[in-house]
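Take a look at the structure set out below.
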Amino acid sequence: MAAANIVVSETPLVLYALRRGDDALILGHRLSEWCGHAPAMEEDMALANMGLDLLGQARELYAYAAKVEGKDNDEDKFAYLRHVRQYRNLLLVEQPNGDFARTMVRQFFYAAFADLYWRAMMASADPTLAAIAAKSEKESAYHLRHTSEWIVRLGDGTEESHRRAQTAIDDLWAFTGEMFAVDGSERGLIDAGIATDPAVLQPRWLKTVTGVVNEATLSLPTSSWMQQGGRSGRHSEHLGHLLSELQSLQRTFPGATW
Amino acid sequence: MYTQALNTSDGDDRAVEDAARAAEFQARIDQDERIEPNDWMPAAYRKTLTRQISQHAHSEIVGMLPEGNWITRAPSLRRKAALLAKVQDECGHGLYLYAAAETLGTSREELVDAMLAGKAKYSSIFNYPTLTWADIGTIGWLVDGAAIMNQIPLCRCSYGPYARAMIRVCKEESFHQRQGFEIMVTLCRGTAEQKAMAQNALDRWWWPVLMMFGPPDQASQHGDTSTRWKIKRFSNDELRQKFVDATVPQAQFLGLTIPDPGMKQNENGNWEYSPIDWEEFKQVLAGNGPCNRDRLAARRKAHEEGAWVREAAMAYAEKRKSRQLAQAAE
C-alpha cells in the first residue's frame with residue numbers, strides 16, 4: 001500500500017485550525033533544525049524550547065481539526081500525509097533558517113504577531129480555541145521577549161551583526177503581510193466571534209516591531225509589496241524540501257506504527 | 001549523555017603536595033565527607049576531576065549530534081517532540097557539567113576549546129552513525145542504559161558539585177532510557193521491516209556500547225587512585241557485567257538476538273560475553289571511528305559560525321554598560 005495523501009474536508013473551522021497548526025509545525029520544525037548547531041549552548045536550549053512550544057501548539061490544533069472534521073484523520077496524518085499543496089502555513093514560517101539573524105528576525109516577526117493574536121483569541125467563542133490560545137499566549141510572550149532581545153543585540157552589536165540583521169529584515173519583510181490577510185473562509189468565523197480579525201492587530205504589531213527595530217538601530221523597508229499564497233497552498237520552493245525530510249519515514253514505510 | 005572510563009589520575013603530581021594536608025583530605029574522603037570547591041584538595045584530584053567532568057560535558061554536547069540527526073525525520077509528532085526534548089536535556093546536562101567543572105578553576109571556554117582542538121576526549125560511542133530510526137531507540141535503550149550504570153555510582157562521588165549534578169542528570173537519563181526502550185518495543189511489535197530495523201540497530205550498537213565502560217580491569221592503569229578518592233566506586237568490568245546482566249532479559253523481552261553467539265549464563269546467573277574487540281575501541285579513540293571527523297567538524301562549524309553572534313552579544317553588553325555609566329555620571 002502506498003502512503004497516499006489524505007483527503008481533508010476543509011470546512012472553515014477545520015481549515016482555520018489547520019492553518020494555525022501548520023504555522024506552528026513548520027516554524028517548530030525549522031527551529032528544531034538548529035538543535036546541536038546553535039551559536040551558544042544557551043541558545044541551543046532556547047531554540048529547542050521555542051520549537052517544543054510550537055510543536056505542542058501544532059499538535060493541539062491538529063487534534064482539534066481532526067475532532068471537528070470527524071473523519072479518520074489525526075495529528076500525524078495531517079503532518080505526514082499531506083503534500084505540499086495541502087499545507088496551509090504562512091510563507092514566512094517556511095523560509096529557511098539562514099544565519100542566526102535570519103532565524104531570529106523570522107521568529108521575531110511571527111512572535112510579535114502570535115503574541116497579539118493568541119491574546120485576542122483567548123476571547124474566542126470557541127472554548128477549545130480559547131483554551132489553546134491561553135496556553136499559546138504565554139509561550140508567544142516569551143518568544144517575543146527572547147527574540148526582541150536578540151534583535152536589539154544583533155542590530156546594536158557589531159557592524160557585522162547589524163548588517164546581517166538588516167539583510168534578514170529586508171529579505172523577510174515581504175512575508176509579513178500574509179499574517180494579517182483574511183479570506184472568505186475566515187470572514188464567517190470572525191463574524192461569529194470564533195476567530196479574531198488579524199487586520200485589526202496590524203497597527204499594534206507594527207508598533208511593537210518598529211519599537212524594537214528602532215532600538216536596535218535597524219530600519220524597516222519602505223516597500224509595501226507583500227507575498228501571499230501559503231494559506232491556499234501556493235508555497236515557496238522551500239516547503240517541499242522540508243516536507244520530504246519531515247515525512248520521509250511515513251512515506252518510506254507506509255502504514256507502519258512508530 | 002554520559003562519561004566513559006577514559007579517565008586516569010596523575011600520580012606524579014601528588015608528590016609535591018603537603019603530606020599532612022593530603023592525609024587530612026584522605027581522612028575526610030574515607031569518612032564519606034563531600035569535598036566542596038573552596039576546600040583544599042590535591043592538585044591531582046583537581047586535575048582528574050576537571051578532566052573527567054569536562055569529558056563528560058563534551059560527551060553530552062557531541063552526543064546531541066547523532067540523535068539530532070533524526071529530529072527532523074522523527075516518524076510522529078509525539079516522537080519528534082520527545083526527541084527534541086531529549087536532545088535539549090543533553091545540552092542542559094552539558095551546561096550543568098561545564099558549570100561543575102568550572103568550580104575546579106578552569107573556564108568553560110578553555111574546556112570547550114580543548115575539545116574543538118581535538119585535545120580533549122568525549123565518549124567514543126558518539127563516533128558511530130545513526131542510520132535508521134531504530135538507532136534512536138537503541139541509543140536510548142543501550143547507550144543511556146550504559147550511561148546510567150556508569151553514573152548512578154557517581155551520585156556518591158566525593159566531589160560535591162559533580163555528585164549533585166549527577167543526581168539530576170541520572171533522573172533525566174532514566175527517563176530517556178525508558179523512552180528508548182519504548183521505541184524498541186513499538187518497532188519489535190511492528191512490521192517485519194521494523195523488527196529487522198531494530199535487530200540491525202542492536203547488531204551495530206551492541207559491541208560499541210560494551211566498550212563504553214572502558215578497557216578491561218587488567219589493562220586499566222589508573223583505577224586505584226580514583227577508587228581511593230571515591231570518584232570511581234566500581235571497576236569497568238564490574239559495571240559492564242551489571243549492564244549485560246540487566247540488558248539480556250530486556251533483549252529477550254523484545255525478541256531480539258544479542259549479536260554474540262558465544263554468550264552464556266553461568267551458575268551465578270551472570271551472562272558471560274565473548275571477548276571484546278579492543279582494537280576497534282583503540283581505533284575509534286585514535287580518531288578513526290566512522291564519524292570522528294564529522295562530529296568534530298560539526299561542533300567546529302557551529303562554534304565558528306556562531307562567533308559573530310557571540311561577539312555581537314558581547315559588544316552590545318559593553319555598549320550598554322558604558323551608556324549606563326555615562327547616564328549615571330550625568
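Letters A, B, ... mirror the listed sequences (proteins, then strands); counts begin at 1.
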Exercise. Taking the side chain as every heavy atom from C-beta outward, state whether B:Q88 and A:N49 have any atom pair closer than 4.5 Å.
Key: yes
Exercise. Would you verify whether the NZ or CZ of A:R164 falls within 45 degrees of the ring axis of B:W308 while also being under 6.0 Å from that six-membered ring's centre?
Key: yes
Quiz prompt | Atom pair CD1/CD of B:I71 and A:E245 - distance to nearest 0.5 Å | solution = 11.0 Å
Quiz item: With a 4.5 Å limit on heavy-atom distance, are the side chains of B:Y316 and A:T158 in contact?
Solution: no
Quiz item: Got a second to check how far B:L95's CG is from A:E42's CD, nearest 0.5 Å?
Solution: 5.0 Å
Self-check item: Members of residues 177-191 of chain B whose heavy atoms come closer than 4.5 Å to chain A
Solution: B:T186, B:L187, B:T191
Quiz item: Between A:R153 (side chain) and B:R310 (backbone), is there a donor-acceptor pair under 3.5 Å?
Solution: no
Quiz item: Given a strict heavy-atom distance threshold of 4.5 Å, which part of A:L47 is in contact with chain B: side chain, backbone, both, or neither?
Solution: neither
Self-check item: chain B contact via A:A58 - side chain, backbone, both or neither, heavy atoms under 4.5 Å
Solution: neither
Self-check item: Side chain / backbone / both / neither for A:W34 at chain B, heavy atoms under 4.5 Å
Solution: neither
Quiz item: Which atoms form the tightest heavy-atom contact between A:M45 and B:G92, and what is the distance?
Solution: SD-N, 3.4 Å
Exercise. Please name the pair of heavy atoms, one in B:L65 and one in A:H37, separated by the smallest distance, quoted to 0.1 Å.
Key: CD2-CE1, 3.6 Å
Practice problem: Go through the atoms of A:F100 and report whether side chain, backbone, both or neither lie under 4.5 Å from a heavy atom of chain B. | Solution: both
Practice problem: Drop me the distance from B:R79's CZ to A:D76's CG, to the nearest 0.5 angstrom. | Solution: 10.5 Å
Quiz item: Can we say B:K80 and A:E75 salt-bridge, meaning some charged N sits less than 4.0 Å from an Asp/Glu carboxylate O?
Solution: no
Quiz item: Do B:R78 and A:W258 have side chains that get closer than 4.5 Å, going by heavy atoms?
Solution: no
Quiz prompt | Spacing of CG belonging to B:L84 relative to NE2 belonging to A:H29, to within rounding of 0.5 Å | solution = 11.0 Å
Quiz prompt | B:S76 side, atom OG; A:R59 side, atom CZ - distance, nearest 0.5 Å | solution = 7.0 Å
Quiz item: With a 4.5 angstrom heavy-atom cut-off, which part of A:L246 approaches chain B: side chain, backbone, both or neither?
Solution: both
Quiz item: Closest heavy-atom contact between A:P39 and B:G306?
Solution: CB-CA, 3.5 Å
